[in-house]
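Read the structure below first, then the notes.
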There are 2 protein chains.
Amino acid sequence: MTEKLDRRKARTRQLLHDALMALLAEKNAEAITVTDVTERADINRGTFYLHYRDVGDMLQQLKDGVYDGVRACVERLDIADAMRYIDLEEPYPVSVAIFEEIARHGEFLRIMLGPQGDLSFAIRLRELFSSRVHAKLQLLSPDDTAIPTDYLVSYIASANFGLVLHWLGTGRALSPERMSRIMVNLMNYGPLVSSGIRKAPGREG
Amino acid sequence: MTEKLDRRKARTRQLLHDALMALLAEKNAEAITVTDVTERADINRGTFYLHYRDVGDMLQQLKDGVYDGVRACVERLDIADAMRYIDLEEPYPVSVAIFEEIARHGEFLRIMLGPQGDLSFAIRLRELFSSRVHAKLQLLSPDDTAIPTDYLVSYIASANFGLVLHWLGTGRALSPERMSRIMVNLMNYGPLVSSGIRKAPGREG
DNA sequence: CAATATAATGAACACCATGTTGAATAATGT
DNA sequence: ACATTATTCAACATGGTGTTCATTATATTG
């Protein structure tokens, strides 16, 4: 299936990959040159072009790989399912799996979604959440609400994406299970009630 | 105070500014060269360097200007104030003013916060919201909540920033007043209740 | 208006990363 | 051991960079 695995090719790709990752941690992606990568990897500059068109192309392949992994998890999300876990002990398994997948590529995502990162990639991931939220929301949402559905979707997607960004930015200190619970809770009660600033009208204080 | 206003300098700056804005609408900011800008502006390439160090420097000055304008508005935000407008007819004036300020730089912000845009600028703006939310939240929030304050702040800041992004991305079709009401409503009741998917426990359906 | 100061121009320059080529060398799979 | 394929090395033209300097054009000031 993956057809070719010449040791030399694999080695070169790995060296280039490691070099790029190291450089990404140091400087802006747009500022990284082919020369930078090949010098760092101790690979002939011409060899680079036997594998990738340019640095942007190489980075794109990395991004695509990570994106596909996350997408496979996010596609299992279901708001109605998530709501059933609101006051349960155990966290919503699908969102736990998403956080675990994100953690697998934690370092790469931290960089690509940080200040030195790539806005188009961030938007693409955010859109992934959005489209999933949108698909499931349509089935549930009445149309007579004061809030247009597209804004609602943006709100939910951005808010949860924001949780992910903060998680990545703080070294993923909390467990995927904990993150999952926070997410479901905020989704249901809203930020003010969840934080205890405002009491939920029907619950005991 | 602003010391210098030689007509020639102002004219050159304006031409370069217009050229850069036009190019930003066409291609990735990182791909815009000094030659691009000066050719578009019909200005000698050398002249560019009498005003800016490079394209990044020029763009930075534009970003700083817009940022400062938004910051001046955001600094007036107060969550406790906003909560008082939850079920009122009129929108919260401070957030209306923020949307109006954003609209003033709408085209620039739409580009800089879109796929061709600048993630570090987006993060900087998001941080602006965050710091404001954080400052006001500390005064209100009990510490015994299940949700760490920093995640709560990220959630709120990202969610509202997401509303702004969607507003910019859809041609700012809704009025600042309408946006303000949507924002306050979502903040208070959370996405599910605000959308009517879940009933607020204490309110009439 | 005239005198002085300041800006913009055009041309030239060395510099550096690019992307490509072709011949030589090395490592690999079988 | 052999044919295949990957990597290396040197060289090349290209194009944007950042700087300089003499020249020209345009403002500001008295």
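Nothing here was measured: the structure is a model prediction, and the numbers come from that model. So that the names make sense, note that chain A is the first sequence line, chain B the second, and so on, each numbered from 1.
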Presence of salt bridge, B:E127 and B:R132, under 4.0 angstrom: no

Interatomic spacing from CD1 in A:I102 to CE in A:M179 - rounded to 0.5 Å: 8.5 Å

Under 3.5 Å, which N/O atoms of the protein pair with N/O atoms of nucleotides 25-27 of chain D?
unit_1	atom_1	unit_2	atom_2	d
D:dT26	O2	B:R8	NH1	2.5
D:dA27	O5'	B:R7	NH1	3.2

Between P of C:dT9 and CZ of B:F48, the distance in whole Å: 14 Å

Aromatic contact, A:Y155 with A:Y151 (centres under 6.0 Å): no

Exceeds 12 heavy-atom contacts within 6.0 angstrom, atom CG of B:D42: no

Electrostatic pair A:E26-A:R40, nearest N-O below 4.0 angstrom: yes

Geometric class of the A:F108/A:F121 ring pair [parallel <30°, tilted 30-60°, perpendicular >60°]: perpendicular

Length of the line joining A:Y52:OH and C:dT18:P, which is rounded to integer Å: 16 Å

B:S130 side-chain N/O to B:R126 backbone N/O, donor-acceptor pair under 3.5 Å: yes

Atom-to-atom span, CD of A:E39 to P of C:dC16 - whole angstrom: 12 Å

Test item: A:Q61 and A:H17 side chains (from C-beta on) under 4.5 Å apart, heavy atoms: no

Short side-chain N/O contact from B:H51 to OP1 or OP2 of C:dA7, under 4.0 Å: no

Nucleotide-resolved protein contact map, nucleotides 9-24 of chain D, B/S/- at heavy-atom distance under 4.0 Å: B-B----SBBB-----

Nearest-Å distance for atom pair NZ/C1', residues B:K9 and C:dA5: 12 Å

Euclidean distance, atom CG of residue B:L15 to atom P of C:dA8 [Å, nearest integer]: 10 Å

Touch class at under 4.0 angstrom, heavy-atom based, for A:L50 against every strand present: base

